[in-house]
S.K.: 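This structure is in structure tokens; I'll ask about it shortly.
Everything numeric in this text was worked out from a predicted model, so none of it was measured. Sequential numbering from 1 along the given sequence is applied to the chain's residues. Ligands are counted one by one from 1 in listed order, and the atoms in each one are counted from 1 as well. All values below come from the heavy atoms of this structure, side chains included, with hydrogens, waters and symmetry mates left out.
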Amino acid sequence: MTSTRTRTRISKAVIPAAGLGTRFLPATKATPKEMLPVVDKPAIQYVVEEAVAAQLSDVLMVTGRNKRPLEDHFDRNYELEEALSRKGDDSRLARVRESSDLATMHYVRQGDPRGLGHAVLCAEPHVGDQPFAVLLGDDLIDPRDPLLPRMIDVQEQYGGSVVALMEVDPSSIHLYGSAAIVPTAHSDVVRVTDLVEKPKAAHAPSNYAVIGRYVLDPGVFEVLKKTQPGQGGEIQLTDALRELAHQETVAGPVHGVVFTGRRYDTGDRGDYLRAIVRLACEREDLGPDFRAWLRSYVDEEMQE
Ligand code: UTP
């Protein structure tokens with residue numbers, strides 16, 4: 001590490017949620033995809049809960065058009081609270097208040113959705129000069145398989161930036177950033193030496209895909225300012241991280257934490273459906289009935 005910053009425990013989380021969500025049209029025409037419900041909570045609430053569970057109590061959400069539902073969800077709704085309170089419906093009242101009591105929420109607007117890298121750059125004035133976490137607003141990590149605390153530990157140990165990696169089937173690597181890696185002394189930590197955004201399988205440096213959690217050195221902002229639009233004409237965070245991986249003197253090395261837990265990409269329709277089925281099956285209140293129905297549905301399908 002070249003920096004002389006005083007170290008404090010990472011406390012800021014940035015959640016980009018300003019993408020167009022085109023894979024989910026028309027549902028996302030007037031609603032951010034991060035607000036789509038996963039069982040009975042919007043996807044974004046799971047993500048904020050994960051940040052809070054990792055002691056990141058200061059949350060900056062990067063929003064765009066249709067930002068109102070996101071802000072409203074994490075704000076008080078006095079009319080609704082009043083109505084539930086009058087009815088004596090305490091459990092629903094508690095559910096309504098959960099999201100507004102979670103964290104200190106801040107918002108910044110991206111304007112044009114010019115890519116994930118650009119969304120992260122919008123966080124610079126809020127983040128300042130300390131390392132910070134980035135959680136993609138449509139990527140859910142199962143709370144039983146915590147990932148961020150390990151990434152924060154690795155960042156504190158090695159400095160620089162840390163990405164989350166997951167081994168995927170070679171046929172899916174074109175959907176992700178792919179990392180060239182070398183092992184470290186820890187079996188779940190690798191050094192990232194190169195990154196390629198959405199490569200064809202034949203050109204992918206590995207089957208280790210970058211998923212939606214990052215712990216970044218603030219030096220990434222200077223690199224992002226110079227990053228030209230890449231894949232899809234968007235300013236890619238992967239391209240800036242690649243620069244950091246190549247020139248570690250700029251802002252430290254890039255490491256990867258290899259994640260083997262449960263993850264759901266709710267921006268993808270198939271994964272979104274799988275997330276709902278799995279989480280509904282596991283719920284104490286809904287699970288027993290839903291699992292029984294699902295079993296009979298699958299039996300019927302098998303007979304056809
Ligand atoms: P995605 O590429 O999955 O989001 O970005 P998208 O562009 O909304 O999706 P599709 O492909 O059109 O369906 C990953 C995350 O980064 C955010 C998105 O909101 C999502 O949470 N993002 C992406 C931004 O905040 N700004 C952008 O310019 C792009």
S.K.: Any idea which heavy atoms bring G64 and A18 closest together, and the distance?
M.R.: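 Shortest heavy-atom separation between G64 and A18 comes out as N-CB, 3.6 Å.
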S.K.: For E81, which of R76, K87, R92 qualifies under salt bridge (charged side-chain N to carboxylate O under 4.0 Å, His left out)?
M.R.: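 Answer after filtering R76, K87, R92: R76.
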S.K.: Give a yes or no on this: more than 12 heavy atoms of other residues, nucleotides or ligands lie within 6.0 Å of atom CD of E79.
M.R.: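 No, CD of E79 has 12 or fewer neighbouring heavy atoms, counting only those of other groups under 6.0 Å.
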S.K.: At a heavy-atom distance under 4.0 Å, which protein residues reach ligand 1? Sort them by chain and number, would you?
M.R.: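 Protein residues near ligand 1 are P16, A17, A18, G19, L20, G21, T22, R23, K33, E34, Q110, P113, R114, G115, L116, A119, L136, G137, D138.
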S.K.: What pairs with A179 under side-chain contact (heavy atoms from CB on, under 4.5 Å), at least two apart in sequence or on another chain?
M.R.: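 So A179 forms a side-chain contact (heavy atoms from CB on, under 4.5 Å) with L165, I181, V192, L195.
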S.K.: Which pairs, with at least one residue in residues 12-34 and sequence neighbours excluded, count as a salt bridge (Lys or Arg N to Asp or Glu O under 4.0 Å)?
M.R.: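 Listed once each, the pairs are K33-D138.
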S.K.: Only pairs at least two apart or in different chains count here, so list each salt bridge (Lys or Arg N to Asp or Glu O under 4.0 Å) that has a residue in residues 101-124.
M.R.: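 Passing the test, one end in residues 101-124: E124-K225.
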